[in-house]
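Taking it in order: structure first as structure tokens, then the write-up.
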Amino acid sequence: MAKFVYRMQNILDLKQKIEEQEKANFGMATARFNEEQRKLRELMIKQAGYERQLRELSVGEINIKDIKTCKNAITSVKVALREQMIELSKAQKAMELARKKLNEVMMERKMHEKLREHAFEEFLDEMDYEESKVTDELVSYLYFNSEKEEG
């Protein structure tokens, strides 16, 4: 029996490797996005802690130096929060770009897999046709020879 050989197998293999690379890129982009989200949450918790500390310092005996230090810390955290939100936005855009690239590569690979399946189906159809042709020839030969022997 003939062996099926897909003439564009090397392209399909290449598409699969590219897809694996894009999956890795998407995984790294997602990890970076998650890390930036974690940093943002930590800064928000830090800000809330300083604000709570400021409220506590404003009650009872008032120490202006401590209140000023706490307000400066809150201001610094707010600046860090803005910067972190920018970093988070960059990470989100990079993650979305990686997702789009991965989807494109996956669609290309799937297209090549469908082409391979189609080529395999054509191969099977050709094999069936050849097998049927050989069977018909054999039946005709046997029928023709049996008539000669009878006549």
query = Should Leu43 and Gln47 be marked as a side-chain contact (heavy atoms from CB on, under 4.5 Å) after you check the CA-CA gap, both sets of side-chain angles, and the distance that decides it?
reply = CA-CA 6 Å; Leu43 285 171; Gln47 181 184 11; over 6 Å; no
Crowded around [X] [atom1]? As in, over 12 foreign heavy atoms under 6.0 Å?
X	atom1	value
Met8	CE	yes
Met111	CE	yes
Arg7	CZ	no

Next on the checklist: Let's go through Leu124 and Phe4 carefully: what are the C-alpha distance in whole Å and the side-chain angles of both, what is the deciding distance for side-chain contact (heavy atoms from CB on, under 4.5 Å) to 0.1 Å, and is it a yes or a no?
Outcome noted: CA-CA 9 Å; Leu124 290 178; Phe4 173 69; over 6 Å; no
Glu104 vs Lys101, salt bridge (Lys or Arg N to Asp or Glu O under 4.0 Å): CA-CA, chis, key distance, verdict:
CA-CA 5 Å; Glu104 288 172 10; Lys101 284 183 179 178; over 6 Å; no
Would you compute the distance between atom [atom1] of [X] and atom [atom2] of [Y] and round it to the nearest 0.5 angstrom?
X	Y	atom1	atom2	result
Lys71	Glu51	NZ	CD	12.0 Å
Asn34	Leu88	CG	CG	9.5 Å
Cys70	Glu56	SG	CD	9.0 Å
Asn25	Ile18	CG	CD1	11.5 Å
Glu96	Phe33	CD	CZ	8.5 Å

- Message: Quick one, Arg41 with Gln37, criterion side-chain contact (heavy atoms from CB on, under 4.5 Å). Give me CA distance, side-chain angles, the key distance, then yes/no.
- Response: CA-CA 6 Å; Arg41 278 193 303 274; Gln37 276 187 321; 3.9 Å; yes
Exactly one candidate in Glu61, Gln53, Arg55 meets side chain to side chain contact (heavy atoms under 4.5 Å, CB included) with Leu57; the answer is Gln53
With Val77 as partner, the option from Gln84, Lys46, Arg82 fulfilling side chain to side chain contact (heavy atoms under 4.5 Å, CB included) is Lys46
When every non-hydrogen atom of Phe123 is compared with those of Ala2, the smallest separation belongs to CZ-O, 3.4 Å
For Leu12 and His112 the tightest heavy-atom approach is CD1-CB, 3.8 Å
query: Where do Glu35 and Arg32 land on the side-chain contact (heavy atoms from CB on, under 4.5 Å) test, with the steps shown first?
result: CA-CA 5 Å; Glu35 178 65 17; Arg32 179 174 173 245; 5.5 Å; no
Checking Glu42 against Lys39 for the salt bridge (Lys or Arg N to Asp or Glu O under 4.0 Å) test, could you report, in this order, the C-alpha distance in whole Å, the side-chain angles of both residues, the deciding distance, and whether it holds?
CA-CA 5 Å; Glu42 287 176 1; Lys39 289 178 184 177; over 6 Å; no
Self-check item: Short side-chain donor-acceptor distance under 3.5 Å, Gln9 and Asp13
Solution: yes
Quick note, salt bridge (Lys or Arg N to Asp or Glu O under 4.0 Å) partners involving residues 113-130, not counting sequence neighbours, are Arg109-Glu113
